[in-house]
Asks: 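First, the structure itself, so that you have it in front of you.
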Amino acid sequence: MPVPNQIGSHKKPSARAPARAASGSRSPPQAGARRAGLGCAAPSYGSARLANLVSPRILAYGSARKPSRLMVSERLMQMSSPSSPTPVVTRFAPSPTGYLHIGGARTALFNWLYARGRGGKFLLRIEDTDRERSTPEATAAILRGLEWLGLDWDGEAISQFARRERHAEVAREMLARGAAYKCFSTQEEIETFREAARAEGRSTLFQSPWRDADPASHPNAPFVIRLKAPREGVTVIEDAVQGAVTFGNDQLDDMVCLRSDGTPTYMHAVVVDDHDMKVTHIIRGDDHLTNAARQVQIYRAMGWAVPVFAHIPLIHGPDGKKLSKRHGAVGLEEYQAMGYPAAGLRNYLTRLGWSHGDDELFDDAQAREWFDLPGIGRAPARLDFKKLESVSGYHIARAADAELLLEIEAYLVAAEKPALNAAQRDGLRQALPYTKERAKTFPELLEKAHFALTTRPLELEPKAAAALDATALGMLRDLTPQLQNASWKREALEATAAAVAEAHGLGLGKLAGPLRAALAGRIVTPSVFDMMLVLGRDETLARIGDQVA
RNA sequence: GGCCCGUUCGUCUAUCGGUUAGGACACCAGGUUUUCAACCUGGUAAGAGGGGUUCGACUCCCCUACGGGCUGCCA
C-alpha cells in the first residue's frame, strides 16, 4: 500500500515541470500548416510516433471507414515495440463528488494493469475544479477505495484545482498563438442564440460573434477564452478500443477553455494536465468519446502529441440499464462491506469487458502480463453478482491464511461489525484451512467458522436442537469415553465415530448430525472431524458434555 | 432533434470469411458425501431484424429496431 498521499502537492516534478521541457523536445507542431492547407480535413498529429497510428487511408480521407481492430492493434503493437522507448504513463482522474463508483474503480484497474504490465507509471489526479461539488471527504473515499482494491499509484495524487494557474497560462498561450479568442458573449446572449437555433431547427452549437472580431473592438468586460476550432473538415479519434471515430468539425463548437472568472473548464484542464503529466495512454469511460474529439483540437492548437485513447464501455446494472443507486451497490466501499476479497473483485472486474481467450481465473501477475487494449470489448457489460461470488470464492480458497485473516478483520471494520477478540482471532486462524475452501464471501466464511468463534455454553439453533433427540444423545454418550481415549487425528476420530454409529446400527450420517449440533450449535458447519481437530479434545468433550448432561 | 458508440447462450465472453459457434457463471440431471458446500460427469441455452458483397458470412457493407453517450462558463 502506498504511503498516504497528499493532494495538491506543488512539489510534484511531473506536475510542475515547465511545459517546454515536455513539448520542446517533440516534433514541431504542424497544426498551423495543416489548418491552412487542408482545413483540418485530416488529423494532424504533432508527433511522428503517433502518426504511425493512422493508416494512410485515414490520413488521406478523414471520413474513411474505421479500420478493423486487428489493424489498430497492430499499430499499437508497433508503438510499444522496442524501437519506441516511450515509457507508458496512464492515469486515473476521478472527480471527488462522492464515493468511488465501481465503474470508476474498473477504469482505474485497467489503467493500473496497463501501466504495471509494461513497467510504466500509473498516476492519480483528482479533478476537483468544480468547487461546488468537490469535497475532501470524497477525495479521501477515493484514495481509500483504491488502496483497498490494491491499486497503488506513483507519486502523489495531483489536485487539478491546484494547477489552475498553469491552465490559465496555457489558455493565454493559445490566445497568443491565435488558436483561441476572447469571447464577450453573455450567458443570456448564448441562451438566446440557442433558443433561436432550436426554433429554426438549426444546430444549437454556439457560434460566437467574437471569433474573428478585431481586438480593437473588444469591450472592457468579462470574457471567456474559447478555442478557435476548425469549422471545416473532420476530427478523427484513433481509439484503441473503438477504432477510428470520425467527427465532422461542424459538430464541434468553440468550447470554452477559460471561464470568465479565470478558472479552467474540465475540457481544457484535462488536456493540459495529461500533457504535463506526460500521459501516453488515456483509458477512460466511453462517455468521454465525444469529448476526446474536442480535446484533440486543444492538443493540436498547442502542437502537443496526442496520447493513445482507449474508451471503454461503461458497466451496467444486472438489468442492462446504466448502473445507479437503485441497483444496490455502486460504491466500491459497499463491495468491501459485502465481504468480497479485493483480489476476487480485481479478477472479476478485469474480466468484465476484457478477455484473454478463455481465461477466467487469474492472479495479478497473470493479469498484468495478459492485459492489453485489444482485449477490451466494445459493448457495455452487466454486473453479475453470482459470478463475482464464484470468482471471489476461488480467491478466498487460495489466499494465504495470514493475509486472509487481516482482510477479514478489515472487512469487519468496513461492515461495521464487532471486531474479533484475541480468542476469536486465534480460533478463526485455526479454522481457516477448513472453511476458506468453501466460502464465496467473508460473511459466508465467518458463518462457517462460527463454531470456532463462539464459546460455551452454545446457543442452539432450533434445527440443531431438534437434531439432539434421545437416540442422538445416546450415541453421544457412548462416543464420549471413546473420544477420551482416541488419538486426536482425523482418521482415528472418523474410525471412532463410525464404530459408535455402527454399534447403534446406524450410519455415520446419523451420528454426524447430532455431533455437529453439539459442537457448533448449528447444522451448517465444516466437517465434524475438522471441527474436533480445531476445537481440541477438551473443548470437544465439554461441548458434547453440555448436551448429554 | 443532431452527432457518436454498441448489439453472440439468462450473464461475462471466444471467434479476426470456411468451427458440430468454444469456455466460464447461473440453471437442470446424475455421481460422491457426516450437513451446507466443495468436487466430478452430463445437459438445456446464442449470432436483434432485413438487405447486400462473396463459392462461403457471427465475422465486411447498408438500412431498421433497440440500448447507451455527447450536444454547458459540469466533470
Side-chain angles (χ1 to χ4, degrees), chain A residues 65 68-70 73 93-95 97 127-130 132-134 160 183 185-187 190 194 198 201-206 222-226 237 239 241-243 245-248 250-253 255-261 263-267 269-270 285-291 293-294 311 313-314 316 318 320-322 348 351-361 377-391 393 397 437-440 444 447-448 463 467 494 497-498 501 507-513 515-517 520 522-529:
Chain A
R65 302 279 172 236
S68 73
R69 297 180 67 194
L70 181 61
S73 68
S95 325
T97 53
E127 309 224 313
D128 51 359
T129 52
D130 185 338
E132 299 289 307
R133 299 196 298 151
S134 299
Q160 187 161 64
C183 171
S185 296
T186 63
Q187 305 259 31
I190 295 172
R194 290 212 172 97
R198 241 189 307 274
R202 283 187 290 112
S203 163
T204 56
L205 292 179
F206 182 60
F223 61 87
V224 299
I225 295 182
R226 301 188 99 104
I237 303 302
D239 194 276
V241 173
Q242 311 289 346
V245 183
T246 303
F247 297 89
D250 56 355
Q251 298 297 323
L252 276 11
D253 62 358
M255 66 185 153
V256 173
C257 291
L258 210 64
R259 301 187 186 103
S260 50
D261 66 356
T263 60
T265 58
Y266 155 80
M267 211 65 84
V270 213
D286 69 5
D287 49 335
H288 288 284
L289 184 56
T290 314
N291 293 339
R294 318 168 95 88
H311 288 96
L314 269 12
H316 284 179
K321 299 290 184 189
K322 189 177 177 181
Y348 174 73
R351 189 63 183 68
L352 192 62
W354 170 86
S355 63
H356 182 266
D358 285 336
D359 295 309
E360 299 281 350
L361 302 166
R378 294 140 120 168
R382 303 180 191 200
L383 233 31
D384 179 356
F385 284 89
K386 286 292 189 184
K387 184 139 186 183
L388 205 208
E389 282 182 9
S390 171
V391 174
E437 304 266 355
R438 29 176 115 191
K440 294 188 168 83
E444 198 179 317
E447 176 63 25
K448 290 177 191 300
K463 283 183 179 173
E494 275 184 53
L508 181 57
K510 295 293 180 191
L511 173 58
L515 189 50
R516 183 184 316 283
R522 311 197 160 186
I523 57 164
V524 176
T525 73
S527 148
V528 291
F529 305 110

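No hydrogens, no waters, no symmetry mates; every other heavy atom, side chains included, goes into these values. Just so it is clear: chains get the letters A, B, ... in the order the sequence lines come, proteins before strands, and each one is counted from 1.
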Asks: Can you tell me whether the side chain of A/R516 and the base of B/U34 have a donor-acceptor pair closer than 3.5 Å?
Replies: yes
Asks: Check whether any side-chain heavy atom of A/D286 sits under 4.5 Å from a side-chain heavy atom of A/Q242, and report yes or no.
Replies: yes
Asks: Going by heavy atoms in the side chains, are A/V524 and A/E447 under 4.5 Å from each other?
Replies: no
Asks: When you get a sec, tell me which of B/C73, B/G10, B/A26 is the closest nucleotide to the side chain of A/I190?
Replies: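 Of the options given, the side chain of A/I190 lies nearest B/C73.
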Asks: Where the side chain of A/L205 is concerned, which of B/C73, B/C4, B/U71 is the nearest nucleotide?
Replies: B/U71
Asks: Return yes if some donor-acceptor pair links the side-chain N/O of A/D128 with the main-chain N/O of A/S134 below 3.5 Å, else return no.
Replies: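 Such a contact is absent between A/D128 side chain and A/S134 backbone.
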Asks: B/G50 and B/C66: how far apart are their C1' atoms, nearest whole angstrom?
Replies: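 My reading of the C1' atoms in B/G50 and B/C66 gives 15 Å.
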Asks: Can you tell me if A/R259 uses its side chain to pair, donor with acceptor, with the backbone of A/P264 under 3.5 Å?
Replies: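 Such a contact is found between A/R259 side chain and A/P264 backbone.
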Asks: In the strands shown, is B/A65 matched to any nucleotide by a Watson-Crick or G-U wobble pair with both distances under 3.5 Å, and which?
Replies: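 Pair assignment: B/A65 / B/U7.
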Asks: For a quick check of understanding: with a heavy-atom distance under 4.0 Å over all strands, which category does A/Q187 fall into, base, sugar-phosphate or nothing?
Replies: base
Asks: Name the closest nucleotide to the A/V256 side chain, picking from B/C73, B/A14, B/C25.
Replies: B/C73
Asks: Mapping A/Y266 and A/V524 to their closest nucleotides on RNA chain B, which lands nearer the 5' end?
Replies: A/V524
Asks: I'd like to know if A/T265 reaches the base of B/C73 with its side chain, counting only an N/O donor and acceptor under 3.5 Å.
Replies: no
Asks: So which nucleotide does B/C16 pair with, by the Watson-Crick or G-U wobble rule with both distances under 3.5 Å?
Replies: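 Paired with B/C16, as far as the under-3.5 Å criterion goes, is no nucleotide at all.
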Asks: Using the P atom in both, what is the distance from B/G2 to B/C58, to the nearest Å?
Replies: 32 Å
Asks: Side chain of A/Y348, backbone of A/F385: donor and acceptor closer than 3.5 Å?
Replies: no
Asks: Can you tell me how far C1' of B/C4 sits from CG of A/L252, to the nearest Å?
Replies: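 In whole Å, B/C4 C1' and A/L252 CG are 11 Å from each other.
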Asks: Just checking A/F206: base, sugar-phosphate only, or nothing, at a heavy-atom cut-off of under 4.0 Å?
Replies: nothing
Asks: P atom, B/C63 versus B/C5: distance in rounded Å?
Replies: 12 Å
Asks: Atom CE of A/M267 and atom C1' of B/U71: how far apart are they, to the nearest Å?
Replies: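 Going from CE in A/M267 over to C1' in B/U71 covers 10 Å.
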Asks: Base of B/C36, side chain of A/R438 - is there a donor-acceptor contact under 3.5 Å?
Replies: yes
Asks: Report the distance from atom CZ of A/R202 to atom C1' of B/G1, rounded to the nearest whole Å.
Replies: 14 Å
Asks: Considering only the P atoms, how many Å lie between B/U41 and B/C60, rounded to the nearest integer?
Replies: 36 Å
Asks: Across all strands shown, which nucleotide pairs with B/U59 by Watson-Crick or G-U wobble geometry, both distances under 3.5 Å?
Replies: none
Asks: Please work out if A/G507 contacts a base, only the sugar-phosphate, or nothing of the nucleic acid, heavy-atom cut-off 4.0 Å.
Replies: nothing
Asks: So A/R198, base contact, sugar-phosphate only, or nothing? Heavy-atom distance under 4.0 Å.
Replies: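 A/R198: no heavy atom of the nucleic acid under 4.0 Å.
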Asks: Please determine whether any donor N or O and acceptor N or O are separated by less than 3.5 Å between the side chain of A/D286 and the base of B/G69.
Replies: no
Asks: Which part of the nucleic acid, if any, lies within reach of A/G513 when heavy atoms closer than 4.0 Å are counted: base, sugar-phosphate only, or nothing?
Replies: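 Counting heavy atoms under 4.0 Å across all strands, no contact is made by A/G513.
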Asks: How do A/L258 and A/S527 order along RNA chain B: which one's closest nucleotide is nearer the 5' end?
Replies: A/S527
Asks: Compare side-chain N and O positions of A/K463 against OP1 and OP2 of B/U35 and report whether any pair is under 4.0 Å apart.
Replies: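 Indeed not, no polar side-chain atom of A/K463 lies that close.
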Asks: May I ask which nucleotide in the shown strands pairs with B/U34, Watson-Crick or G-U wobble, both distances under 3.5 Å?
Replies: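 Paired with no nucleotide.
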Asks: Taking pairing as Watson-Crick or G-U wobble with both contacts under 3.5 Å, can you name the mate of B/G42, or confirm there isn't one?
Replies: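 In the structure as shown, B/G42 has B/C28 as its Watson-Crick or wobble partner.
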Asks: From the set B/U71, B/U34, B/A14, return the single nucleotide nearest to any side-chain atom of A/D358.
Replies: B/A14
Asks: Any salt bridge between A/R294 and A/D253, counting N to O under 4.0 Å?
Replies: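 Salt bridge flag = yes for A/D253 with A/R294.
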Asks: Do A/Q251 and B/G2 have a side chain to base donor-acceptor pair shorter than 3.5 Å?
Replies: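 Between B/G2 and A/Q251, which were checked side chain against base, a qualifying N/O pair under 3.5 Å is absent.
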Asks: For the backbone of A/G201 and the side chain of A/R198, can you confirm whether one donor and one acceptor N or O come within less than 3.5 Å of each other?
Replies: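 No: the side chain of A/R198 does not pair with the backbone of A/G201.
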Asks: Does the side chain of A/R351 get closer than 4.0 angstrom to OP1 or OP2 of B/C25 through an N or O atom?
Replies: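 Checking A/R351 against B/C25: no side-chain N or O falls below 4.0 Å of OP1 or OP2.
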Asks: Any donor-acceptor pair under 3.5 Å linking the side chain of A/R438 with the backbone of A/E444?
Replies: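 Between the backbone of A/E444 and the side chain of A/R438 there is no qualifying donor-acceptor contact (under 3.5 Å).
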Asks: Test A/L289 against A/D239 for side-chain contact (heavy atoms from CB on, under 4.5 Å), laying out the working first.
Replies: CA-CA 9 Å; A/L289 184 56; A/D239 194 276; 4.1 Å; yes
Asks: Among B/C70, B/C74, B/A24, which nucleotide has an atom closest to any side-chain atom of A/D130?
Replies: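 For the A/D130 side chain, the nearest candidate turns out to be B/C74.
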Asks: If we take the C1' atom in both B/C3 and B/U19, what is their distance in whole Å?
Replies: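 Between the two C1' atoms, the distance is 39 Å.
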Asks: Between B/A45 and B/U7, how many Å separate the two P atoms, rounded to a whole number?
Replies: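 About 24 Å, rounded to a whole number of Å.
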Asks: With a cut-off of less than 4.0 Å, is there a side-chain N or O of A/R378 near OP1 or OP2 of B/G6?
Replies: yes
Asks: Could you tell me which nucleotide pairs with B/U53 by Watson-Crick or G-U wobble geometry, both distances under 3.5 Å, or answer none if nothing does?
Replies: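 Check on B/U53: unpaired, no WC or wobble geometry under 3.5 Å.
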Asks: Atom CZ of A/F385 to atom P of B/A24: distance rounded to whole Å?
Replies: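 Checked: the CZ to P distance equals 23 Å.
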Asks: Could you tell me how far apart A/K440 (NZ) and B/C25 (P) are, to the nearest whole angstrom?
Replies: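 From A/K440 NZ to B/C25 P: 10 Å.
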Asks: How many Å lie between CZ on A/R294 and C1' on B/G72, as a whole number?
Replies: 9 Å
Asks: Take atom CG of A/L388 and atom P of B/A26, then tell me their distance rounded to the nearest Å.
Replies: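 From A/L388 CG to B/A26 P: 12 Å.
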Asks: Base, sugar-phosphate alone, or nothing: which one does A/S134 contact when heavy atoms must sit under 4.0 Å apart?
Replies: nothing
Asks: Starting from the C-alpha separation in whole Å, work towards a yes-or-no answer on side-chain contact (heavy atoms from CB on, under 4.5 Å) for A/D287 and A/L314.
Replies: CA-CA 8 Å; A/D287 49 335; A/L314 269 12; 4.0 Å; yes
Asks: Could you give the distance separating B/G47 and B/A14 at their C1' atoms, to the nearest angstrom?
Replies: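 B/A14 and B/G47 have their C1' atoms separated by 13 Å.
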Asks: Contact class for A/P313 (heavy atom, under 4.0 Å): base, sugar-phosphate, or nothing?
Replies: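 Since no nucleic acid heavy atom lies under 4.0 Å of A/P313, the category is nothing.
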Asks: Can you tell me if A/S355 touches the phosphate of B/A14, counting only side-chain N or O atoms and a distance under 4.0 Å to OP1 or OP2?
Replies: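 So the side chain of A/S355 is within the cut-off, an N or O lying under 4.0 Å from OP1 or OP2 of B/A14.
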Asks: Report the nucleotide, chosen from B/C70, B/C12, B/U34, that has the shortest atom-to-atom distance to any side-chain atom of A/N291.
Replies: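 Closest nucleotide among those given: B/C70.
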Asks: Confirm from the modelled atom types if A/T290 and B/U71 form a donor-acceptor pair under 3.5 Å, side chain to base only.
Replies: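 Not at all, since no donor on one side and acceptor on the other fall under 3.5 Å apart.
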Asks: Taking the C1' atom in each of B/A57 and B/G42, what is the distance between them to the nearest angstrom?
Replies: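 It comes out at 32 Å once rounded to the nearest Å.
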Asks: Check the distance between B/C70's C1' and A/Q242's CD and give it to me in whole angstrom.
Replies: 13 Å
Asks: B/G10, OP1 or OP2 - any side-chain N/O from A/R382 closer than 4.0 Å?
Replies: no
Asks: So what does A/I523 hit on the nucleic acid, given a heavy-atom distance under 4.0 Å: a base, only sugar-phosphate, or nothing?
Replies: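 Base, at least one base atom sits under 4.0 Å.
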